[in-house]
Amino acid sequence: MSKNQYRSNYCIELNDTYINSKVKLAGWIRKKRDHGNIIFIDLKDHTGVVQCTINIDNKNFEGIDNLSLESVVSIEGNVIARPTGSINEELASGKIEIEISKLKILSKAEILPFVMHQNDLGEELRLKYRFLDLRRDEMQSRLKLRFEVIKMIRGIMEDKGFMEVQTPILTSSSPEGARDYVVPSRLNPGKFYALPQAPQQFKQLLMVSGVNKYYQIAPCFRDEDTRADRAPGAFYQLDMEMAFSTQEEIFEILEDLMHKVFTKFRPEMKISNTPFIRIPYKESILKYGTDKPDLRINTHYHDLTHLFLQDCPKIFESVINNKDNKGKILALPIKGLSKQTRKFFDKMQKLAQDNGAVGLGYILFEPEKRGPLAKLLSEEVCNAIREKADGAFLVADTEENLKMYMNPILQQVAIEMDLIEKQTYKFCWITDYPMYEKNDGKWEFSHNPFSMPQGEMDALSLDPSEIKAYQYDLVCNGIELTSGAIRNHRLDVMYKAFEIAGYAKEDVEKEFGAMLNAFKYGAPPHGGAAPGIDRMIMLLADTENIREVIPFPLNQQGQDLMMDAPCEISDKHLKELNIKLDKS
RNA sequence: GGGGGCGUAGCUCAGUUUGGUUAGAGCAUCGGCUUGUCACGCCGGAGGCCGCGGGUUCGAGUCCCGUCGCUCUCGCCA
């Protein structure tokens, strides 16, 4: 590094080759060990730690003795070899230390609100003092990981011929999707901008503009309640879109990108080979009860309904015979289930009930046939289960109800019995999403209203429940990383698709005017996706919580405790915006 | 909006099940001692609206009701 008034070297550079040279370091006092006539100081910069010493006869002794931890100093001194027996093998600079000759206090720190080396701090406190929290090693490495991941993504996308384009932050509200964040307009009294939930419409407009391959590391704003893997306020997507593309081409590009990125940052992990497996939506729901299966768990539900049609025990009769609301009987075979205790089965039973199941039956085969269902199931059913494992849970319910608890059961069994494969990233595509789903008796878009129905115009004359879309998700270890679709670029198909969801032509024109207008003037077929960057980093950093990989996240109430946002604004400010508050 | 968990010193937590002396520990902090530590050590001190409000009781950190905050989750997330 180049020398300046503060420092001649970074901490990490110093080793025994520097012995007897004079150096200047600048950084934070991480730790002091006061031995009376000598003080050991751990000086920390962004690269590492170096131990410095000062003797009582030094004129700066008093200055350091009184200095609080995390104060910022520039020190000058000689690099000396540590006495034998005092070498610290754990430290990169452990063979040497700096004998301080000069000290300059650059910024004195007040007493800290928490101890820097503590790593089980409450999140509220960490967010309030995020600048200190980020100073800790763990958070420094997450900041760096985030930077490196995004840098690599940019490189890969550019190598593949994608061009980054910025799209507006102040745009208009759209009726579909999540709640919008809204910004009042001073120049247009009574009107509001919305922050984009994603650059969806802009990227499609760019396709019409003749951009061939677009990408952007794009902020997305959705005013929705949070989850462990869902950030409040803003999150980032690798937003991408390609003209004249097929679903397979998009899969290929993202598979290559994911494989490269995950391999680079977690080389010790096993990563799904490309092409990633594809699971049609319906199959995923049937086997896992979710469209976000965690494939590290090596078992799934099997549909045994057909084996109950002839010979059905009484407890399942209502499920099989209900004419309007036909149900399914599924078995979840698990190796080693016979070894589980009564306590375990009680716990699982409770979990199933908490998630809406009436009960959770099971059958075990070792050392002999037993369990609450043992006497009720036919030989045929028993044999079908026994082929797969020594025991199984059985669930029987309507398809709708099953979805509520199938995955929670699967997840909990896997946790309790330690069935989640470690050291691996298991990717899969979920394909063939339904175009519509029924909500309160009305057909609604199940995912993205701009997706192309499979079969285009012809498909839209089918029963809405039968219509599949060119719509896909990429899932990794049970986390949804990406949603994407081949888009609907045909006006006639668009109007018809919206009509099924209850939109009149005028409504569509009003709500999506820009895009529909654009599609009148030559729109290429196109498609894309938008991997969640924060979720990728969360997986790479092995954090339980997405806020751990976001430098300055909001809390669950959408507040920034450090900056005190959101905040009230002055009457003058409000007046300018033509806003009167209803404080009732 | 619903459900679960948590809330005690600056920080992390014990104490709450079964109400009963002056509410404890580690770290941080302050004072003293300490020349080879590296989460240094030793001695001493200060630091508490037990989230808040109400109730039961001779007596509440502990029991009851309400409320607020944080967190996980369901709804929600085209």
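Sequence lines set the chain letters: A, B, ... in the order given, protein chains first and strands last, and positions in each chain run from 1.
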With sequence neighbours left out, what residues match Leu134(A) under side-chain contact (heavy atoms from CB on, under 4.5 Å)?
-> Arg130(A), Met139(A), Leu143(A), Phe552(A)
Nearest-neighbour nucleotide for the Asn555(A) side chain, C77(B), C38(B), C70(B) considered = C70(B)
Donor/acceptor link under 3.5 angstrom from Asp354(A) side chain onto base of G3(B) = no
Are His35(A) and the base of C40(B) stacked, counting only ring centres nearer than 5.5 Å and planes tilted under 30°?
-> yes
Option passing side-chain hydrogen bond (donor to acceptor under 3.5 Å, both in side chains) with Ser451(A) (candidates Lys468(A), Arg487(A), Gln471(A)) | Gln471(A)
State whether the distance check finds a donor on one side and an acceptor on the other, under 3.5 Å, for side chain Arg126(A) versus base C11(B).
-> no
Could you work out which one of C77(B), G1(B), C11(B) sits closest to the side chain of Leu121(A)?
-> C11(B)
Looking only at G1(B), C77(B), C11(B), the nucleotide nearest the Asp225(A) side chain is G1(B)
Within less than 4.0 Å of OP1 or OP2 of G36(B), is there a side-chain N or O belonging to Gln51(A)?
-> no
Nearest listed nucleotide, side chain of Gln556(A), among U71(B), C70(B), G75(B) | U71(B)
Under 4.0 Å between a side-chain N or O of Arg33(A) and OP1 or OP2 of C40(B)?
-> yes
Scan Gln200(A) against the nucleic acid and name what it touches under 4.0 Å (heavy atoms): base, sugar-phosphate only, or nothing.
-> base
Donor-acceptor pair (no angle test) under 3.5 Å: Glu124(A) side chain, U71(B) base = no
So, does the side chain of Asp42(A) form a donor-acceptor pair with the base of C38(B) at under 3.5 Å?
-> no
Any N/O donor-acceptor pair, Arg227(A) side-chain to U71(B) base, under 3.5 Å | no
Can a donor-acceptor pair under 3.5 Å be found between the side-chain atoms of Arg230(A) and the base atoms of C77(B)?
-> yes
Please tell me which of the listed nucleotides, U35(B), C38(B), C77(B), lies nearest to the side chain of Asn37(A)?
-> U35(B)
Polar-atom pairs under 3.5 Å, protein N or O versus N or O of nucleotides 26-33 of chain B: list them with distances, or write none.
unit_1 : atom_1 : unit_2   : atom_2 : d
A28(B) : OP1    : Lys31(A) : NZ     : 3.2

Are a donor atom and an acceptor atom from the side chains of Gln454(A) and Tyr433(A) found within less than 3.5 Å of each other?
-> no
Please determine if a side-chain N or O atom of Asn355(A) lies less than 4.0 Å away from the OP1 or OP2 oxygen of G3(B).
-> no
May I ask whether Phe40(A) stacks on the base of U37(B), given the cut-offs of 5.5 Å between ring centres and 30° between planes?
-> yes
